[in-house]
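Right, one structure below, let's go through it.
Naming convention: chains lettered A, B, ... in sequence-line order (proteins, then strands); numbering from 1 in each chain. What you are looking at is a predicted structure, and each value in this text was computed from that prediction instead of being measured. The figures here come from the full heavy-atom set of this structure, side chains too, leaving out hydrogens, waters and symmetry mates.
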There are 2 protein chains.
Amino acid sequence: MTVSRVVNNKGEISTTTRQRVQEVIDRLGYRPSHIARSLATDRTATIGLVVPDNANPFFSEIARGVEHLAHEQGYNVFLCNTDEDAQREIAVLRSLEEKRVDGVILCSSRLDADDLHLVLAHHEAVVLINRRLEDAAVGMVLVDDASGAYLATQHLLARGHRAIGFLAGPRQSYSGQQRQQGYCAALHDAGIAPPPVWIQHCPPMVTSGKTATLDLLAANPELTALVCFNDLTAVGALQACANLGRRVPDDLAITGTDDIPLAALVTPPLTTCRVPMYELGRQAMRGLLARIGGESIDSNLVLVRPELVIRASAP
Amino acid sequence: MTVSRVVNNKGEISTTTRQRVQEVIDRLGYRPSHIARSLATDRTATIGLVVPDNANPFFSEIARGVEHLAHEQGYNVFLCNTDEDAQREIAVLRSLEEKRVDGVILCSSRLDADDLHLVLAHHEAVVLINRRLEDAAVGMVLVDDASGAYLATQHLLARGHRAIGFLAGPRQSYSGQQRQQGYCAALHDAGIAPPPVWIQHCPPMVTSGKTATLDLLAANPELTALVCFNDLTAVGALQACANLGRRVPDDLAITGTDDIPLAALVTPPLTTCRVPMYELGRQAMRGLLARIGGESIDSNLVLVRPELVIRASAP
DNA sequence: ACAGTTAAAGTTAGCGCTAACAGTACAGGG
DNA sequence: CCCTGTACTGTTAGCGCTAACTTTAACTGT
């Protein structure tokens, strides 16, 4: 027990005894087991981070922010991919429960509200990223997706565009729904009622963005601009235009969302709504630490506003 | 103890008793604690994955491969970033030790051999990715970087280039050293002795690749081709050429390494040596599972060969 | 000398599970 | 009937740490 006082710097111990014990620790090569400590203290100093795909630059930057702050605070982070599969999402949340993580950060959950309530009830501290959940004692760190898409659409309107299409993300995506609302609001405010055919859903990847753009433009050749769910789908849209011989931005102006590193590196560089993903990750970890520590929480909701970054795809 | 037999499907138990116990488990909402189980069994069913930067597409794909196979096999993965800092690398390895992970996958370690031996001695199962270590009972999954760079350089030679520069990676990078060897070997085989000024070291990022390329071309305007440490530095080289008004590939042909998604999306798309990162991750996890399971290991070394992917930056 | 206080050190039950063993019941063979 | 083997069930010490408590020693005040 004196070893515990030395290792954890807790409880009453004299300097003399501390040094004596430390020497024994060093000599015997004592290596404390956090497993035993966790069982005794009911704390593991671990958290779970659940993302749809850790290789997606949006989530990898969030993960980096989470891991950095976690490390600074003495926590280790379990990384779990859901691969956009609800069953897998439930499975990983259950395995984290058995591992008795101190808390969970869940990104862009695709579970319906009932299932989400059910499975999160077993976790004492939870922060959701990009997912709203009513009547639950969880933190939420949301991007103000509506205002981001509103900004991008307004920018295009200000440049004279009227026929503006929208590449929505996955249908179950909370972010996608919010972005669609912002897009529609900007058009309505300009006195334009966007016909449903100007809106095309697709998974959040380059290839699907390209396919969706080809479909959208085939059905709506009058479009002169396109607001995209994210930068990956926007790059797909660039590829579609290259295929069709449509110049960007002259024939079709394109905006993305997120400002992942790729956005600035493609040709032409993408106008996009910058979401501070790294900071989003840190904010979520900050909220989670507060919950784990039992601090009083001012608000369950943190709203991060995107900012428009103008580049050559829609100057 | 009968609960344990049911939950873990181990030991003798009759069908009648199993059902009876399962009903009690369901009724009471019993949720097993893997922490207690870990203390009793000396197994945590967790592993550590240590990478320089989880947001780097090379490592994020590796992480995805590791996490997928880990999940399939009932393991949870701790994600740890080293940020190219040796002290942090040691710190995370120590924290994994205290968490009693069953094994560690360590990517592109920057520790010198002595320190690496010392800190890995406390881990029973280890697989290194992109790092060779002699006299250690660890697995190693290596990319045959030398042959990759040899292929790229040979391709440029076959296209008639003679003055070929090399953007090396970080000086302490094992991959960088191997790629440099392949580059030099290809030139030597073509009867060319590459002057040291054709070789420029730089960190593995877009911005540093751009800076290094500007420096290299300023000092060596005779260069007509460039082999780059990775795709990120190659994109930096593309940017440098755009700044200098040098056309790619006509004035300077450029090759990258890794074939991260970005490589195909930039303009012009990069010729590059494709490294199957996802598969690299799965291979490493496979080797780690074999070590954790105490299986006899055929070989400590798995060598993965890159293949040349020809695109417009060096057709 | 005695009583009270306090800093420090020592002790142990308990965290929740399981490997290992002991006990029980039954079937089959001699 | 007795013995042996096997399937099954029940029991418990131990994993390594720590919160909580007890004990000890030293000091101070009366």
Side-chain angles (χ1 to χ4, degrees), chain A residues 1-48 74-76 78 94-103 122-125 292-294, chain B residues 1-48 73-76 78 94-103 121-125 292-294:
Chain A
M1 172 56 202
T2 317
V3 171
S4 190
R5 288 186 179 131
V6 172
V7 169
N8 298 309
N9 202 29
K10 273 178 80 177
E12 304 276 2
I13 190 156
S14 69
T15 304
T16 307
T17 304
R18 180 186 297 275
Q19 289 178 345
R20 183 168 45 84
V21 171
Q22 187 62 54
E23 281 164 11
V24 174
I25 288 172
D26 294 337
R27 183 159 39 85
L28 296 189
Y30 170 70
R31 293 153 49 236
S33 161
H34 217 288
I35 302 301
R37 180 177 157 86
S38 299
L39 190 55
T41 63
D42 204 23
R43 276 283 181 269
T44 57
T46 64
I47 69 152
Y75 282 77
N76 284 94
F78 282 118
R94 284 210 180 119
S95 77
L96 291 176
E97 180 188 343
E98 292 189 11
K99 292 293 197 303
R100 295 291 193 271
V101 292
D102 294 341
H122 294 125
H123 291 279
E124 289 196 20
I292 292 170
Chain B
M1 173 52 202
T2 318
V3 171
S4 191
R5 288 189 179 128
V6 172
V7 169
N8 298 309
N9 203 25
K10 273 179 82 177
E12 306 276 1
I13 190 158
S14 69
T15 303
T16 306
T17 304
R18 180 188 297 275
Q19 288 177 343
R20 180 167 48 83
V21 171
Q22 186 62 54
E23 280 163 11
V24 173
I25 288 172
D26 295 339
R27 181 159 39 86
L28 296 188
Y30 170 69
R31 295 153 48 236
S33 161
H34 216 287
I35 302 303
R37 179 177 157 85
S38 299
L39 190 56
T41 63
D42 204 23
R43 276 284 181 269
T44 56
T46 65
I47 70 153
Q73 298 297 321
Y75 282 77
N76 285 95
F78 282 119
R94 284 210 181 121
S95 77
L96 292 176
E97 180 189 341
E98 292 188 10
K99 293 293 198 304
R100 295 290 193 276
V101 293
D102 293 339
H122 294 126
H123 291 279
E124 289 196 20
I292 292 169

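The main-chain N or O of Ala36(B) is never found under 3.5 Å from a side-chain atom of Arg100(A) such that the two would form a donor-acceptor pair. Under a 3.5 Å cut-off, the side chain of Asp102(A) and the backbone N or O of Ala45(A) do form a donor-acceptor pair.
When rounded to the nearest whole Å, the span between CG of Asn9(B) and P of dC17(C) equals 17 Å. As rounded to whole Å, 10 Å separates atom P of dT18(C) from atom CD of Glu98(A). Rounded to whole angstrom, the span from the CG atom of Asn8(A) across to the P atom of dA19(D) amounts to 8 Å. One can place CZ of Arg5(A) at 11 Å from P of dA8(C), the figure rounded to the nearest angstrom. Here the P atom of nucleotide dA7(D) and the CD1 atom of Ile13(B) are 15 Å apart, to the nearest Å. The NZ atom of Lys10(A) sits 17 Å away from the C1' atom of dA8(C) (whole-angstrom rounding). Rounded to whole Å, atom P of dG5(D) lies 17 Å from atom CD of Glu12(B).
Remark: Thr2(A) is in phosphate contact with dG10(C), judged by side-chain N or O atoms under 4.0 Å from OP1 or OP2.
Using a 4.0 Å cut-off on heavy atoms, the residues of residues 27-42 of chain B that approach DNA chain D are Leu39(B), Ala40(B), listed by number.
A search for side chain to side chain contact (heavy atoms under 4.5 Å, CB included) contacts involving Arg20(A) returns Thr17(A), not counting sequence neighbours.
To the nearest 0.5 Å, atoms CZ (Arg94(B)) and NE2 (His122(B)) are separated by 8.5 Å.
Taking each heavy atom of Thr44(A) and Lys99(A) in turn, the nearest pair found is CG2-O, 3.9 Å.
The 12-atom threshold is not exceeded at CD of Glu124(A), counting heavy atoms of other residues, nucleotides or ligands nearer than 6.0 Å.
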